[in-house]
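Each chain gets a letter, A, B and so on, in the order the sequences are listed, and its residues count up from 1. If you're wondering where the values come from, they're calculated on a predicted model, not measured in any experiment.
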Number of protein chains: 2
Amino acid sequence: MEAFQSTGSSTREPRESAEHPGGVGGRQRERIIRAATLVFSRKGYDGARVEEIARKADLPKGNVLYYFKTKKDLYRIVIEQVLTLWLDALGDIAVDDSPEEAIRQYVNRKLALSRHYPEASRLFAMEVISGAPVIGAHLRNQLRVWVEEKGRVFRRWQDQGQMARIDPAHAFFMIWAVTQTYADFEAQIQAVTGVQDYDTEIYEGATSEVVDALVRGLGLTNEMSERRAQA
Amino acid sequence: MEAFQSTGSSTREPRESAEHPGGVGGRQRERIIRAATLVFSRKGYDGARVEEIARKADLPKGNVLYYFKTKKDLYRIVIEQVLTLWLDALGDIAVDDSPEEAIRQYVNRKLALSRHYPEASRLFAMEVISGAPVIGAHLRNQLRVWVEEKGRVFRRWQDQGQMARIDPAHAFFMIWAVTQTYADFEAQIQAVTGVQDYDTEIYEGATSEVVDALVRGLGLTNEMSERRAQA
DNA sequence: ACCAAAGTTGACCATTCGGTCAATTCCGGT
DNA sequence: ACCGGAATTGACCGAATGGTCAACTTTGGT
């Protein structure tokens, strides 16, 4: 099946048991979700195989479909979890701080997110490249509202001459593009740089240089000498 | 099959016939490649279905596999074509021009590429997100060399105080990320902005604002008043 | 007009896939 | 010790998938 639409779906909710030393621990759902995130992030929905997810979770296929009735269900839950992570980590852009400091923190936060959850980032990218068949509605609602809201903050900064006159939406697209590229295009960056320890070598460099470049690009230095008043 | 390696593969090379009014035209391979690019760019290799490619090319499945012996063959040819497009369009960064003008043109060229071949961009992104199983070797060779070469130009500019002191590789990652985001994340940008005519509305705005922001971020203005000499 | 190569097509095949199911084991409460 | 629900598992099923094939049509050269 391809490009599915929402369907009423219930997922069995196994007993909520406390941790148990020798036994299972009842934490199977988490393992499955972790494995599914990995596989979906590399193959997308249609390309992923339930059996590969099962193998990666070290469980028989039947067990995976016991916890999640269908592959579709599993995908929905996994990607909605990723989306939540993504939206939460957008966090609030501190309005009170100086624009430069606010954005600097925001970019650092997004960069850290890519660093610590690269599979989540890739899964999100896969979904969007595929046309966002599942989370499209969310993007049109929650994300859109968020961008409008924060966009107004940007406009205020711009009116006060504290930020370059860029369409706020484009400013976000730039920030997201740059921060996510380090997770999504890891294979390319790894290939070009040939670094051994991607995590530290690349992200350390990125946080120290790329953040500066973005701040500069968005014209966020506090001491903006140049007048930029073209309403 | 997943994560395949290179295998000796030959593809039937149909007769090179001239165009023919009533008849076929002999240009089937092109149609198939176009259709394949579309499908692969949305579903990735494993997720794509030969039959869907055939349907999109308006041909029976058997015919597709007549021109390309296997799905794998077809994918390899399609993605190598995309990679060529990508590498060619990297083009030369004019060394003689002013840094600002050189980069400005380069970014504009990459932006135009995303605009006119969005499926190619998405297919490339899919491949890389999947770990670049097919083009990984190319990236480690051709692209790597290219980056090293152009990186030396950047270093020279930086030594002359005409460009901010950013690791040239990261500078490229930034540029690529921003320019490709408009093709790869079209669904997200469409969702957030809600524009009707994506092609003109979004790209027009991007070329006028984002290029400036990148140039500014890379510290490429000719009149760089701030000293920036920390070897 | 005829021929051989190239192109086209739908039927067909073996394998794989998502999903079901019945049988069995595990576990906590009593 | 025993019970009932939850969890686990492998066998199994129908549909879909990549690929093959033989029959048929088109095409260009002579």
I need the [atom1]-[atom2] distance between [X] and [N], as an integer number of Å.
X: B:Leu59; N: C:dG10; atom1: CG; atom2: P; answer: 11 Å
X: B:Asp58; N: C:dT8; atom1: CG; atom2: P; answer: 12 Å
X: A:Arg49; N: D:dT17; atom1: CZ; atom2: P; answer: 9 Å
X: B:Tyr67; N: C:dA5; atom1: OH; atom2: C1'; answer: 13 Å
X: B:Ile32; N: D:dG18; atom1: CD1; atom2: P; answer: 15 Å
X: B:Lys61; N: C:dC12; atom1: NZ; atom2: P; answer: 14 Å
X: A:Lys71; N: D:dA16; atom1: NZ; atom2: P; answer: 14 Å
X: B:Glu52; N: D:dG18; atom1: CD; atom2: C1'; answer: 15 Å

* Asked: When we call it a touch if two heavy atoms are under 4.0 Å apart, what does B:Ala48 touch: a base, just sugar-phosphate, or nothing?
  -> sugar-phosphate
* Structure fact -> From the candidates D:dT9, D:dG19, D:dA7, the one with an atom nearest any side-chain atom of B:Leu65 is D:dG19
* Asked: Where the side chain of B:Asn63 is concerned, which of C:dT8, D:dT9, D:dG18 is the nearest nucleotide?
  -> C:dT8
Has [X] got more than 12 heavy atoms of other residues, nucleotides or ligands less than 6.0 Å from its [atom1]?
X: B:Tyr203; atom1: OH; result: yes
X: B:Asp88; atom1: CG; result: yes
X: A:Phe172; atom1: CZ; result: yes

* Do B:Ile202 and B:Glu186 have side-chain heavy atoms sitting under 4.5 Å apart? -> no
* To do: Tell me, please, which residues at least two apart from A:Phe40 pass ring-ring contact (aromatic ring centres under 6.0 Å, His included).
  => A:Tyr75
* Pick one: which of A:Val178, A:Leu214, A:Thr179, A:Ile175 meets side chain to side chain contact (heavy atoms under 4.5 Å, CB included) with A:Leu111? -> A:Thr179
* Look at the side-chain N and O atoms of A:Tyr66 and state whether any lies under 4.0 Å from the OP1 or OP2 oxygen of D:dT8. => no
* Asked: For D:dT8, does either OP1 or OP2 sit under 4.0 Å from a side-chain N or O belonging to A:Gln28?
  -> yes
* Asked: What bend angle does the helix from C:dA1-D:dT30 to C:dT30-D:dA1 show across its length, from five-pair end axes and to the nearest 10 degrees?
  -> 20°
* To do: Please check if the side chain of B:Glu127 supplies one atom and the backbone of B:Ile135 the other of a donor-acceptor pair under 3.5 Å.
  => yes
* Starting from the 5' end of DNA chain C, give me the residue, A:Gly62 or B:Val64, whose nearest nucleotide shows up first. => B:Val64
